[in-house]
Amino acid sequence: QVQLVESGGGLVQAGGSLRLSCAASGRTFSRYAAGWFRQAPGKEREFVAFISRSGDGTYYPDSVKGRFTISRDNTKNTMYLQMNSLKPEDTAVYYCAATWPISVYGNAHEYDYWGQGTQVTVSS
């Protein structure tokens, strides 16, 4: 098993930036593909970004493409989400998740391990 802990959330003005971190412990993080999801009040959990086990493959939905960047440092067992040009609609609780194997990157049900979430609030 792997345990995940997010950090780095907070309050930022529209147009600003935040970097989220996801620290993994337990089994070797590089064994798992990983991703970020978010959930706003009253809405379903939404896929935000995916990264392959080695980090050489990434995937984003159109809603964040060009603004968000996912990365990982397997030597530090940590994954990151750099968020730029933030918009009020990006406000949500952000979760990191990990799993292996995986077939559909954006399907939350395929992820076995989840962090507790970190709040991101973007003011207009």
Point to revise | Spacing of Ser52 atom OG and Trp100 atom CH2 [to the nearest 0.5 Å] | key: 8.5 Å

**Study point:** Over-ring placement of Arg72 relative to Tyr80, 6.0 Å and 45° cut-offs
**Key:** no

Practice item. Show your working on side chain to side chain contact (heavy atoms under 4.5 Å, CB included) between Ser103 and Glu110 and close with a plain yes or no. Key: CA-CA 8 Å; Ser103 58; Glu110 293 206 24; 2.9 Å; yes

Practice item. Indicate yes or no: does Asp62 engage Lys65 in a salt bridge with an N to O separation below 4.0 Å. Key: yes

Check your understanding: Do Gln82 and Ser71 have side-chain atoms, one donor and one acceptor, less than 3.5 Å apart?
Key -> no

**Study point:** 4.5 Å side-chain heavy-atom contact, Val5 and Gln116
**Key:** yes

Practice item. Mark yes or no: Arg53 above the aromatic ring of Tyr32, with NZ or CZ under 6.0 Å from the six-membered ring centre and no more than 45 degrees from the axis. Key: no

**Study point:** Exercise: identify the closest heavy-atom pair between Ala92 and Ala40
**Key:** CB-N, 3.8 Å

Practice item. Would you give the length of the straight line joining atom CD of Gln119 to atom CD of Glu6, rounded to the nearest 0.5 angstrom? Key: 12.0 Å

Check your understanding: Which value, rounded to the nearest 0.5 Å, describes the distance between Met83 atom CE and Leu18 atom CG?
Key -> 4.5 Å

Exercise for review: Please name the residue in the list Asp90, Thr91, Val120 that meets the side-chain contact (heavy atoms from CB on, under 4.5 Å) test with Arg38.
Suggested key: Asp90

Check your understanding: Relative to the ring of Tyr59, is the ring of Phe47 parallel (under 30°), tilted (30 to 60°) or perpendicular (over 60°)?
Key -> parallel

Review point. To the nearest 0.5 Å, what is the distance between CD1 (Ile70) and SG (Cys22)?
Key: 9.0 Å

Study note, to complete from the structure: d(Asn77 CG, Ser25 OG) to nearest 0.5 Å is 8.5 Å

Exercise for review: Could you please spell out the steps behind the side-chain hydrogen bond (donor to acceptor under 3.5 Å, both in side chains) verdict for Thr78 and Asp73?
Suggested key: CA-CA 5 Å; Thr78 303; Asp73 185 343; over 6 Å; no

Review point. Would Tyr60 and Thr69 count as a side chain to side chain contact (heavy atoms under 4.5 Å, CB included) if you check the C-alpha gap in whole Å, the side-chain angles of each, and the deciding distance to 0.1 Å?
Key: CA-CA 9 Å; Tyr60 306 91; Thr69 302; 3.9 Å; yes

Check your understanding: Do Tyr105 and Phe50 pass the ring pair (Phe, Tyr, Trp, His ring centres under 6.0 Å) test, and can you show the C-alpha distance, the side-chain angles, and the key distance before you say yes or no?
Key -> CA-CA 6 Å; Tyr105 306 147; Phe50 169 85; 4.0 Å; yes

**Study point:** Heavy-atom side-chain proximity of Tyr95 to Thr118 below 4.5 angstrom
**Key:** no

Review point. Does the side chain to side chain contact (heavy atoms under 4.5 Å, CB included) test come out yes or no for Phe68 and Leu81, once each step is laid out?
Key: CA-CA 7 Å; Phe68 290 10; Leu81 185 68; 4.2 Å; yes

Study note, to complete from the structure: For Ala24 and Val2 the tightest heavy-atom approach is CB-CG2, 3.8 Å

Review point. Does a donor on one side chain sit under 3.5 Å from an acceptor on the other, for Asn84 and Ser17?
Key: yes

Practice item. Using the test ring-ring contact (aromatic ring centres under 6.0 Å, His included), find all partners of Tyr111 that sit at least two apart in sequence or belong to another chain. Key: Phe37

Check your understanding: How close do Ser124 and Pro88 get, heavy atom to heavy atom, and via which atoms?
Key -> CB-CG, 3.9 Å

Review point. So how far is it from Ser123 OG to Leu86 CG, rounded to the nearest 0.5 Å?
Key: 10.0 Å

**Study point:** Ser85 to Arg67 - nearest heavy-atom pair and separation
**Key:** O-NH1, 3.0 Å

